[in-house]
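Just so you know, ligand 1 is whichever comes first in the structure, and atom 1 is the first atom listed for that ligand. Here, residue 1 is the first one in the sequence, and each next residue gets the next number.
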Amino acid sequence: MKIYLDGKFVDSADAKVSVFDHGLLYGDGIFEGIRLYAGNVFRLEEHLERLEYSAKAILLKIPLTRKEMSDAVCETCRRNNLRDGYIRLVVTRGVGDLGLSPWLCPNPSVFIIADKIALYPPEHYTAGLSIVTVPTRRNSPAALPPTIKSLNYLNNILAKIEAKQAGALEAILLNDQGYIAECTGDNIFIVHKGRILTPAASQGALKGITRGVVFDIAGELGVPINEQNLTRYDVWNADESFLTGTAAEVVPVVKLDGREIGTGKPGAITGRVLAAYRQRVGTEGTKI
Ligand code: PXG
């Protein structure tokens, strides 16, 4: 496998970053997880825009222009003869002496991994997920804005551990006010009386690219969609629920905290959204 690392393509065995990289020492950096479908990178411009917004928020200067970054992503896919896969784009603060200050690091580091994707088992989509609410709260936007896709994922990892310990594959994290924020690596939606509802990003969610596509799809399908504060009670009493993310795409949720959602089977609107999503990923995108 060939990895893009600071302007060069190197073998994965040689794709190494320093122990002095502040991305490793302090989680000081940002990333994107992107999908390649049939030789087309899905929503590449939106991912690169979000990367730039994350960089701005942490005062990190990405050493590549948008066009150079886009070319580097496509070239990494081509060098690996990849047609379908997963692209991990990371920008770290770079190498610097010990100490929190980003000014210790003159050169941010950029690397891009393009690999095969381990797809979720099909039964997740046919049977739906059973998930739980976990005690760990989502980072407060006033402390570490969840809209920054940063290398600090410990908040999400703690929630993932709690989900696993409770025998579930995924966790809902509440925000510091007790409203639903998101899951560990996915946004959450419910369907109630024919409307699709999801928490606003200001409630502690990442502005997911897949989430944005669901807004487009809902418009196209003529299903009303709104951002709204949601509680666990709202999910328990929803007709349907689903999660969205680059890796998971659109996955039905059929149980939360031991309460069946709707019929306890993946819902009809969820099915239509998933079908429309799969149609889009097969036809849109930036040709590598
Ligand atoms: N919330 C969080 C906290 C995420 O990390 C999403 C929502 C969904 O966003 P997108 O833009 O993907 O619709 C994410 C996405 C990985 C991986 O390798 C993580 C994500 C996406 C792809 C891969 O862990 N997180």
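Listed for the Thr270 side chain is no donor-acceptor partner under 3.5 Å among the backbone atoms of Pro252. At least one donor-acceptor pair closer than 3.5 Å links the side chain of His22 to the backbone N or O of Asp97. Side chain of Arg138 to backbone of Ala181: no donor-acceptor contact under 3.5 angstrom is found.
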Check your understanding: Between Glu249 and Arg278, is a salt bridge (charged side-chain N to carboxylate O under 4.0 Å, His left out) present by the stated rule, with each step listed?
Key -> CA-CA 8 Å; Glu249 302 181 324; Arg278 294 231 161 113; 3.0 Å; yes

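The protein non-hydrogen atom at the shortest distance from atom 17 (C) of ligand 1 is Tyr86 OH, 3.5 Å. Summary of contacts: the protein heavy atom closest to atom 9 (O) of ligand 1 is Gly208 CA, 3.4 Å. Thr210 OG1, 2.6 Å is the protein heavy atom nearest to atom 13 (O) of ligand 1. Taking atom 7 (C) of ligand 1 as the reference point, the nearest protein heavy-atom neighbour is Glu182 OE1, 3.4 Å. Looking only at protein heavy atoms, the nearest one to atom 12 (O) of ligand 1 is Thr246 OG1, 2.5 Å. Tyr153 OH, 2.5 Å is the protein heavy atom nearest to atom 5 (O) of ligand 1. Given atom 6 (C) of ligand 1, the protein heavy atom at minimum distance is Gly185 O, 3.4 Å.
The part of Leu206 lying near ligand 1 is the side chain, judged by heavy-atom distances below 4.0 Å.
When Asn156, Ile209, Ile188 are checked for heavy-atom proximity to atom 11 (O) of ligand 1, Ile209 turns out nearest.
Between the side chains of Thr136 and Glu162, at least one donor N or O sits under 3.5 Å from an acceptor N or O.
Heavy atoms of Lys149 approach ligand 1 to within less than 4.0 angstrom. Ligand 1 lies nowhere less than 4.0 angstrom from a heavy atom belonging to Lys207. At a 4.0 Å cut-off, at least one heavy atom of Arg88 sits close enough to ligand 1 to count as contact. Within the structure, ligand 1 has Thr184 among the residues with a heavy atom less than 4.0 angstrom away.
Ligand-side atoms of ligand 1 in range of Gly245: 8 (C), 12 (O), 13 (O), range being under 4.0 angstrom from any heavy atom.
Seen from the ring of Phe242, Arg211 does not count as a face-on cation partner, given the 6.0 Å and 45° thresholds. Cation-pi geometry between Arg79 and Phe9 is met: under 6.0 angstrom from the ring centre, within 45 degrees of the axis.
Using a 4.5 Å heavy-atom threshold, the side chains of Lys116 and Tyr86 count as separate.
At a threshold of 4.0 Å, the pair Glu52-Lys56 does not count as salt-bridged, since none of the basic side-chain nitrogens sits closer than that to a carboxylate oxygen.
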